[in-house]
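For reference, the structure discussed in these notes is given below.
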Amino acid sequence: MAEEEKPPESPLNVRKRLPFEAAAGVQQSAGFKGAAFIYLAAAAIMFGVAGYMALGVGHPFISVPVIAPGLGGLYFVIRFAMMMRPWI
């Protein structure tokens, strides 16, 4: 009896991993927890500076000394979310 030959897989049925996706079973790198802590700490510091400038010093909410650190904190939160994306 001849063995049945499987038809070649269609390229449309093969799911290839995108370059930015983590492969299945990939462990977090050694510095992952440290980087996550640094991004969250930097975001907290930036939001704290923005709050201090608005409430402590008395700058208006629509002023550069308040908006700049607020946007910096938002940047670090977005970077943290981008770093966490493969594991969510």
* Asked: Given side chains that start at C-beta, do those of Tyr39 and Met84 come closer than 4.5 Å, heavy atoms only?
  -> no
* **Nearest heavy atoms of Gly70 and Ala50, plus distance in Å** => N-CB, 3.8 Å
* **Heavy-atom side-chain proximity of Met46 to Tyr75 below 4.5 angstrom** => no
* To do: Is it possible for you to say whether Ile62 and Leu71 belong to one hydrophobic cluster, with membership spreading through side-chain heavy-atom contacts below 4.5 Å?
  => yes
* To do: Would you mind reporting whether Val77 and Phe47 have side-chain heavy atoms less than 4.5 Å apart?
  => yes
* Please answer: with hydrophobic residues joined when any side-chain heavy atoms are less than 4.5 Å apart, are Ile45 and Phe37 in the same cluster? => no
* **Straight-line distance of Leu40 CG to Met83 CE, nearest 0.5 Å** => 7.0 Å
* To do: Check the hydrophobic clustering (I, L, V, M, F, W, Y; side-chain heavy atoms under 4.5 Å; chains of links allowed) and say if Val57 and Val49 are grouped together.
  => yes
* To do: Dump the intermediate steps for side chain to side chain contact (heavy atoms under 4.5 Å, CB included) on Leu55 and Phe61, then the final yes or no.
  => CA-CA 9 Å; Leu55 303 174; Phe61 283 106; 4.0 Å; yes
* Structure fact -> For Gly73 and Ala43, the nearest pair of non-hydrogen atoms, with its separation, is O-CB, 3.8 Å
